[in-house]
Amino acid sequence: QAQLVESGGDSVQAGGSLKLSCAGSGFRLSICTMAWYRQPPGKERELVSNISPDGSTYYGDSVKGRVTISRDNDRKMLYLQMNSLKTEDTAVYYCAACLNSGTGYRYWGQGTQVTVSS
């Protein structure tokens, strides 16, 4: 059974850093496009970043230059290093795996809370 488990969420002050981790199991993570989404309070879920099996990356405009996505296929892990955090980064962050064109990501984690205070 496929599973994604996020960790690393915390409460930090603006300007601080956090590293989120996502552990995958039950599927071939190495062949999947992986992603981080977030859902701020009262808003819709949005794509933060994704990384393809070959390592190509995409970053949303709101986080570009402040976050770095990475993957470790051997450890079946996905990471999101976030620096220079802003209050508007406050959200539940979700890990997603295995992008299917037309249907979206097949697997989702339960989310980890990131709260940034001023």
For residues 84-102, which side-chain donor-acceptor pairs fall under 3.5 Å, sequence neighbours excluded?
unit_1 : atom_1 : unit_2 : atom_2 : d
D89    : OD1    : R38    : NH1    : 2.9
D89    : OD1    : R66    : NH2    : 3.0
D89    : OD2    : R66    : NH1    : 2.7
D89    : OD2    : R66    : NH2    : 3.4
D89    : OD2    : K86    : N      : 2.7
T90    : OG1    : T87    : O      : 2.9
T90    : OG1    : V116   : N      : 2.9
T90    : OG1    : V116   : O      : 3.3
Y93    : OH     : R38    : NH1    : 3.0
Y93    : OH     : D89    : O      : 2.6

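- Linking Ile, Leu, Val, Met, Phe, Trp and Tyr whenever their side-chain heavy atoms come within less than 4.5 Å puts V48 and V12 in one cluster.
- Separation of atoms OG1 (T112) and CG (L18) is listed at 9.0 Å; rounding is to 0.5 Å.
- Listed by chain and residue number, S52, S56 satisfy the side chain to side chain contact (heavy atoms under 4.5 Å, CB included) test with D54 (two or more places apart in sequence, or in another chain).
- I31 belongs to no hydrophobic cluster, as no Ile, Leu, Val, Met, Phe, Trp or Tyr side chain comes under 4.5 Å of its own.
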Could you walk me through whether L20 and M82 pass the side chain to side chain contact (heavy atoms under 4.5 Å, CB included) check? CA-CA 8 Å; L20 305 182; M82 302 189 294; 3.9 Å; yes
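- Residues passing the side-chain hydrogen bond (donor to acceptor under 3.5 Å, both in side chains) test with Q110: none are found, sequence neighbours excluded.
- Residues in residues 96-106 take part in no salt bridge (charged side-chain N to carboxylate O under 4.0 Å, His left out) pair, two or more places apart or across chains.
- For residues 1-17, no pair satisfies salt bridge (charged side-chain N to carboxylate O under 4.0 Å, His left out), with sequence neighbours left out.
- Summarising the geometry of V114 relative to G9, their closest heavy-atom pair is CG2-CA, 4.1 Å, with the distance given to 0.1 Å.
- Both Y107 and L78 belong to a single network of hydrophobic side chains, linked directly or stepwise wherever heavy atoms of I, L, V, M, F, W or Y lie under 4.5 Å apart.
- Applying the side chain to side chain contact (heavy atoms under 4.5 Å, CB included) test to K43 and every residue at least two apart in sequence or in another chain returns P40.
- Sorted by first and then second residue, the pairs that involve residues 73-85 and meet salt bridge (charged side-chain N to carboxylate O under 4.0 Å, His left out), not counting sequence neighbours, are D72-R75.
- Under the side-chain hydrogen bond (donor to acceptor under 3.5 Å, both in side chains) criterion, S118 pairs with no residue at all, not counting sequence neighbours.
- Sorted by first and then second residue, the ring pair (Phe, Tyr, Trp, His ring centres under 6.0 Å) pairs with a member in residues 31-80 read Y37-Y105, Y37-W108; sequence neighbours excluded.
- A side-chain hydrogen bond (donor to acceptor under 3.5 Å, both in side chains) check over residues 24-34, counting only residues at least two apart or in different chains, returns nothing.
- The side-chain hydrogen bond (donor to acceptor under 3.5 Å, both in side chains) contacts involving residues 12-22 comprise S17-N83, where partners must be two or more places apart or lie in separate chains.
- Residue C32 holds its SG atom at 7.5 Å from CZ of R71, rounded to the nearest 0.5 Å.
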